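Structure, as structure tokens:
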Amino acid sequence: MADDGAQGIQAGRSGLIVRVPEAERLVRAWRERLDPSARAGVPAHVTVLFPFLDVSRIDDGVRAAIREVVGRHRSFEARFDHCGRFPGVLYLAPASDTGFKRLTDAVVERWPENPPFGGQFDEVVPHLTVAQGQDEAVVEQAEAGLLPGLPVVTRVSAVDLLVHDGTRWRQRGSFPLGP
């Protein structure tokens, strides 16, 4: 989730993510230092949709709809084999982002009032953020530290709902992809 640390995020905000636990060993120390979202409780992940709905709107009907939308997609393997950059951001990039884009497209089709990242970007690029808001020397050091640990391979089998409580992000649901 972009700019999703504890500062500036209101309680009740939510997002949908794909956890990448296989990346934690490689990225945890860098993220703890260089990504505010890690310090706010967000695990290594690829964002499916942020911002999503306010928690006050997430009821059993919404949960059932998420389950249905996500469940239409087959689980898939993701291989993070290189680093990429946006201005001020270092990330791990999947070799193929098709599965992630399909999930995002499906969720946005169901909830079109919530464009990815509030509509800030013309194109959504699936990625696993490692550092944000850092100077170039720090980003280069982090990238050099990450490259020997690649690739990271994971099986994408669920989408998780995270909600911000005013201080930290907490998991409030997990929705399986199809077999």
Side-chain angles (χ1 to χ4, degrees), residues 1-5 8-23 35 37-38 40-82 84-89 91-130 132 152-165 168-179:
M1 294 188 291
D3 192 26
D4 52 1
I9 299 291
Q10 297 173 325
R13 295 295 296 265
S14 71
L16 296 170
I17 67 165
V18 169
R19 289 177 185 259
V20 184
E22 294 82 356
D35 181 4
S37 72
V42 180
H45 72 282
V46 174
T47 300
V48 173
L49 185 60
F50 175 81
F52 186 49
L53 301 174
D54 187 88
V55 71
S56 65
R57 295 184 53 202
I58 301 173
D59 58 14
D60 289 343
V62 168
R63 289 176 191 277
I66 298 169
R67 188 171 293 106
E68 191 274 323
V69 168
V70 170
R72 288 192 314 240
H73 297 268
R74 291 187 172 273
S75 63
F76 60 93
E77 183 178 278
R79 178 183 173 90
F80 296 84
D81 61 358
H82 63 284
R85 296 188 193 187
F86 302 128
V89 176
Y91 61 87
L92 299 185
S96 170
D97 62 9
T98 303
F100 295 111
K101 283 185 173 183
R102 286 182 180 153
L103 284 170
T104 296
D105 290 347
V107 173
V108 170
E109 182 178 315
R110 173 60 181 79
W111 288 278
E113 69 277 18
N114 295 319
F117 305 106
Q120 290 179 317
F121 308 106
D122 292 336
E123 181 183 1
V124 175
V125 177
H127 63 281
L128 190 158
T129 300
V130 177
Q132 46 182 322
V152 171
V153 179
T154 191
R155 186 92 195 149
V156 176
S157 59
V159 171
D160 291 349
L161 170 65
L162 297 186
V163 174
H164 199 267
D165 66 10
R168 295 188 56 79
W169 289 95
R170 310 233 184 244
Q171 183 176 331
R172 292 286 179 87
S174 188
F175 306 92
L177 277 70

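Along the sequence shown, residues carry numbers from 1. From a predicted model like this one, the values you see are computed outputs, not experimental measurements.
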query = When rounded to the nearest 0.5 angstrom, what distance separates CG in D60 from CZ in R67?
reply = 9.0 Å

key: Crowding at CZ, R155 (>12 non-hydrogen neighbours, <6.0 Å)   = yes

query = Below 4.5 Å, heavy atoms only, C-beta onward: do I17 and V159 meet side chain to side chain?
reply = no

ask   = Does the side-chain contact (heavy atoms from CB on, under 4.5 Å) test come out yes or no for T154 and F80, once each step is laid out?
value = CA-CA 8 Å; T154 191; F80 296 84; 4.1 Å; yes

message = Distance alone, cut at 3.5 Å: any donor-acceptor contact between the side chains of D35 and T129?
response = no

task = Mind running side-chain contact (heavy atoms from CB on, under 4.5 Å) on V156 and R74 for me, showing each step along the way?
result = CA-CA 9 Å; V156 176; R74 291 187 172 273; over 6 Å; no

remark   = Those residues at least two apart in sequence (or on a different chain) that pass side chain to side chain contact (heavy atoms under 4.5 Å, CB included) with R170 are D165, R168

ask   = Are any non-hydrogen side-chain atoms of P116 and V108 less than 4.5 angstrom apart?
value = yes

query = Do you know which two heavy atoms are closest between P176 and V70, and how far apart they sit?
reply = O-CG1, 3.7 Å

task = Count the heavy atoms belonging to other residues, nucleotides or ligands that lie under 6.0 Å from CZ of R72, then report whether that count exceeds 12.
result = yes

inquiry  = Applying side chain to side chain contact (heavy atoms under 4.5 Å, CB included), can you list everything that pairs with R57, at least two apart in sequence or on another chain?
reply    = L53, E113

inquiry  = I'd like to know if the side chain of H45 reaches the main chain of P43, judged simply by a donor and an acceptor atom lying under 3.5 Å from each other, with no hydrogens or angles considered.
reply    = yes

query = Is there side-chain contact between R102 and H73, with at least one heavy-atom pair below 4.5 Å?
reply = yes

message = Could you check whether any side-chain N or O of R172 sits under 3.5 Å from a backbone N or O of L161, counting only pairs where one atom can act as donor and the other as acceptor?
response = no

query = Tell me, do W169 and I9 make a side-chain contact under 4.5 Å, heavy atoms counted?
reply = yes

request  = Return the set of residues passing side chain to side chain contact (heavy atoms under 4.5 Å, CB included) with D54 (not counting sequence neighbours), or none when no residue passes.
outcome  = S56

ask   = Within a strict 4.5 Å, meaning less than it, do heavy atoms of the V48 and V18 side chains meet?
value = yes

task = Check P51 against L49 and note the closest heavy-atom contact, atom names and distance.
result = O-CG, 3.9 Å

query = Hey, are the side chains of S14 and I58 touching, using non-hydrogen atoms and a 4.5 Å cut-off?
reply = yes

request  = With sequence neighbours excluded, tell me which residues meet ring pair (Phe, Tyr, Trp, His ring centres under 6.0 Å) with F76.
outcome  = F100

Close side-chain approach of F117 and T47, heavy atoms under 4.5 Å = yes

ask   = Any Lys/Arg nitrogen of E22 or R79 sitting under 4.0 Å from an Asp/Glu carboxylate oxygen of the other?
value = no

query = Who pairs with S157 by side chain to side chain contact (heavy atoms under 4.5 Å, CB included), at least two apart in sequence or on another chain?
reply = S75

inquiry  = Between E68 and R110, is the side-chain contact (heavy atoms from CB on, under 4.5 Å) condition met? List the steps.
reply    = CA-CA 10 Å; E68 191 274 323; R110 173 60 181 79; over 6 Å; no

ask   = Do you know which two heavy atoms are closest between R63 and G173, and how far apart they sit?
value = NH1-CA, 4.2 Å

request  = Start with the C-alpha gap between K101 and E123, add the side-chain angles, then the distance that decides, and say whether salt bridge (Lys or Arg N to Asp or Glu O under 4.0 Å) holds.
outcome  = CA-CA 10 Å; K101 283 185 173 183; E123 181 183 1; 3.5 Å; yes

query = Taking it one step at a time, do D160 and L16 satisfy side-chain contact (heavy atoms from CB on, under 4.5 Å)?
reply = CA-CA 6 Å; D160 291 349; L16 296 170; over 6 Å; no

ask   = Any side-chain heavy atom of V62 sitting closer than 4.5 Å to one from W111?
value = yes

query = With sequence neighbours excluded, what pairs up with Y91 under the ring pair (Phe, Tyr, Trp, His ring centres under 6.0 Å) test?
reply = F86, H127

